[in-house]
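Notes for the one structure printed next.
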Amino acid sequence: MNKPTLMSAYSLRFTRSSGNRPTISIEFMESITFTPLEKWLITVTVMLVAIIEVLDITIVNVSLDQMMGAFSANSQEITWVLTAYLVSSAIFMPLTGLLVRHLGCKRLLLINIVGFLIASMLCGASTTLSEIVVFRILQGVFGASLVPIAQYVMRFTFTQAEQGKAMAIWGIGIMVAPVLGPTLGGYITENLNWRWVFYINAPVCVLAFFMALSFIKETPREHQKIDWLGLMWMTIAIGALQIILDQGNNHDWFSSNLIIGLTIVCVLGFIIFLYRGWYKTDHIINLHLFKERHFAISTLILSLYCMGFMGSAMMQPLMLQILYNYPSDVAGNAMAPRGIASAVMMIFAVPLGKFFSSRALMLAGILLTCYGTYMMTLFNLNDDLFALIMPGIIQGLGLGLVMVPISSTAFNYLKPSEISEAAGQFSFGRSLGVSIGISILSTVLSMATQQHWNQLAGYINLANPNFLHWAAAQNLDPHDIHTIKMAANLLGQQSTMIAFLDLYWVSLIMLLLTIPLVFLLKKPIPTSNSSGVH
């Protein structure tokens with residue numbers, strides 16, 4: 001029979017002061033016991049809230065076309081539905097540790113669930129583009145801390161020996177959910193209405209609220225002075241960076257005065273923020289956590305890995321729709337095997353951890369992901385759906401091997417009091433990596449498509465014997481304008497296909513950059529007492 005977990009906690013004690021006035025003091029309790037059933041109820045609770053937050057990033061993508069019609073918006077304007085959420089989420093995610101200390105873990109979780117629910121309902125009921133952008137900002141504010149809190153709770157619910165299993169479950173939620181987002185979003189778009197992309201959060205939030213109310217333990221509150229100036233500079237820097245990443249390609253990057261201005265603001269904001277954060281003891285973010293080598297390296301590996309893996313995974317449905325003419329639901333379903341493979345491998349990664357070091361598993365996972373991405377560089381327009389899905393399955397297997405050890409390694413050398421803040425910064429690294437990856441790959445796709453079109457278009461002329469042979473094989477008149485248009489359409493397809501292959505090559509390079517960083521981690525992972533607090 002499994003022993004209950006011991007978790008450090010605090011209790012409130014009522015005492016009398018010298019003036020016989022009642023006061024409240026905080027006393028340290030030795031432990032809180034968790035039975036196996038309680039542990040899994042807590043797990044289900046935090047996974048629910050983590051999944052709805054991460055899922056909301058990608059599930060909305062496939063519904064943008066319907067939203068454009070509903071709000072009479074163009075393709076550039078509608079992207080603010082995504083940008084608004086990403087910016088507000090990116091700003092508030094690093095503040096998780098501060099908010100946990102001020103409000104308590106359980107109280108913050110309940111506030112965020114209710115806020116996320118209300119914001120989701122308002123998004124679904126929006127009638128104008130301005131309304132949904134404002135409500136998406138609110139949704140990002142309340143959703144930002146859900147994933148870090150989930151990881152924080154998991155770390156202190158399971159023993160040190162069970163951390164691999166706990167991180168596998170956490171990894172399934174935060175990495176598989178965005179991969180499956182297009183699948184669910186495609187189904188909703190094809191069979192229901194874009195508003196249900198937001199309404200679907202309601203039953204999950206209600207269930208998560210009552211489960212959190214029942215099973216999550218409260219943590220002590222600490223009232224400390226807030227560095228409002230540091231918060232201001234952090235908001236300016238991260239907000240400007242996120243807008244640059246999300247809107248840069250739409251504005252042709254540095255040919256736009258808006259992007260140039262935001263870049264100057266971003267750089268200045270980060271310089272001031274980082275300088276204050278390093279030398280000010282009560283800064284809003286504890287940047288000194290990155291002095292711990294394993295946390296810093298693990299966060300960097302996760303960011304680079306998400307740049308390559310999540311970037312290519314989120315661009316593939318676009319390829320299936322544009323080049324292979326699959327409807328949104330089929331394109332979304334094609335992503336499901338990648339997510340399923342990830343979930344299965346995360347389960348197997350736990351027992352594998354008994355035979356192989358975290359570093360070895362991480363390296364094997366990255367190499368598998370690299371191989372799957374390399375297979376994507378070999379795509380062609382004659383591939384069937386199975387050939388397009390198979391590389392994603394291999395990528396998913398690699399993801400499963402990476403997430404479990406990296407999530408454990410990142411926090412193994414930190415103090416218990418640092419975990420909540422570290423979880424926020426670790427999740428921010430993941431989120432930033434995804435944003436940078438999508439931004440870079442979107443730019444590569446746009447620029448490469450134009451470049452390859454310019455190169456290939458030169459071959460459509462009567463002096464080119466290959467063009468004449470093609471026209472003859474199709475029983476077409478090479479002098480006919482319709483023949484030239486048909487050839488131009490085919491070359492447009494080929495240009496876009498080659499651009500996607502370039503995109504996958506860039507993604508592969510991003511993934512290869514993580515390999516040297518793995519060797520900077522120590523091979524053994526320390527084991528501590530069974531309480532899970534180290």
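Predicted model only: the values in this text are computed from it and were never measured.
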Point to revise | Approximate separation, where rounding is to 0.5 Å, of N380 CG and M497 CE | key: 7.0 Å

**Study point:** Steps toward side-chain contact (heavy atoms from CB on, under 4.5 Å) verdict (N325, L320)
**Key:** CA-CA 6 Å; N325 297 316; L320 295 178; over 6 Å; no

Practice item. State, to 0.1 Å, how close V204 and I200 come at their nearest heavy-atom pair, and which atoms those are. Key: CG2-O, 3.9 Å

Exercise for review: For S126 and L122, indicate whether the former's side chain and the latter's backbone hold a donor-acceptor pair under 3.5 Å.
Suggested key: yes

Practice item. Using a 4.5 Å cut-off on heavy atoms from C-beta on, say whether the side chain of I515 contacts that of L363. Key: yes

Practice item. Mind listing the closest non-hydrogen atom pair of I149 and N112 along with its distance? Key: CD1-ND2, 4.1 Å

Check your understanding: Okay, side chain of S446, backbone of T443: is any donor-acceptor separation there less than 3.5 Å?
Key -> no

Check your understanding: What heavy-atom pair brings L512 and C370 nearest, and what distance separates the two atoms?
Key -> CD2-SG, 3.8 Å

Exercise for review: Find out whether V402 and L302 are in side-chain contact, i.e. whether some heavy atom of one side chain is under 4.5 Å from a heavy atom of the other.
Suggested key: no

**Study point:** Over all atoms of both residues, closest heavy-atom pair of I393 and A341
**Key:** O-CB, 3.6 Å

Practice item. For Y324, look at atom OH and say whether over 12 heavy atoms of other residues, nucleotides or ligands are found less than 6.0 Å away. Key: yes

Exercise for review: Quick one: sort the W505 and Y374 rings into parallel, tilted or perpendicular, breaks at 30° and 60°.
Suggested key: perpendicular

**Study point:** From NE2 (H294) to OG1 (T409), nearest 0.5 Å
**Key:** 7.5 Å

Review point. Is there a side-chain contact between M345 and L399 (heavy atoms, below 4.5 Å)?
Key: no

Check your understanding: Would you say the side chain of S358 lies within less than 4.5 Å of the side chain of L521, judging by non-hydrogen atoms?
Key -> no

Exercise for review: Output yes when a side-chain donor or acceptor of Q316 lies under 3.5 Å from a complementary backbone atom of A334, and no otherwise.
Suggested key: no

**Study point:** Gap separating the OG atom of S303 from the CZ atom of F426, nearest 0.5 angstrom
**Key:** 8.5 Å

Check your understanding: For A237 and C266, which heavy atoms make the closest approach, and how far apart are they?
Key -> O-SG, 3.7 Å

Check your understanding: How far apart are the C-alpha atoms of I297 and L300, what are their side-chain angles, what is the distance that settles it, and do they pass the side-chain contact (heavy atoms from CB on, under 4.5 Å) test?
Key -> CA-CA 5 Å; I297 295 174; L300 181 57; 5.6 Å; no

Review point. Side chains of T263 and I259: closer than 4.5 Å at any heavy-atom pair?
Key: yes

Review point. Can you name the closest pair of heavy atoms from L381 and Q493 and give their distance?
Key: CD1-CB, 4.2 Å

Practice item. Supply the atom-to-atom distance R195 CZ to I132 CD1, rounded to the nearest 0.5 angstrom. Key: 8.0 Å

Practice item. Determine whether L385 and Y326 make a side-chain contact, defined as any pair of heavy atoms from C-beta on separated by less than 4.5 Å. Key: yes

Review point. Do F135 and F198 touch side chain to side chain, with heavy atoms closer than 4.5 Å?
Key: no

Check your understanding: Could you give the distance from CZ (R430) to CD1 (I406), rounded to the nearest 0.5 Å?
Key -> 12.0 Å

Check your understanding: Would one find more than 12 heavy atoms of other residues, nucleotides or ligands at under 6.0 Å from atom OH of Y199?
Key -> yes

Study note, to complete from the structure: Rounded to the nearest 0.5 angstrom, the CE-CE distance for M362 and M403 is 10.0 Å

Exercise for review: Sort out for me which residue in T496, I498, D502, L503 forms a side chain to side chain contact (heavy atoms under 4.5 Å, CB included) with T449.
Suggested key: T496

Exercise for review: Output, in order, the C-alpha distance, side-chain angles, deciding distance and verdict of side-chain contact (heavy atoms from CB on, under 4.5 Å) for M376 and S507.
Suggested key: CA-CA 10 Å; M376 296 171 77; S507 176; over 6 Å; no

Point to revise | Whether over 12 other heavy atoms sit under 6.0 Å from N257 CG | key: no

Check your understanding: Are any of the side-chain heavy atoms of L511 and Y305 separated by less than 4.5 Å?
Key -> yes

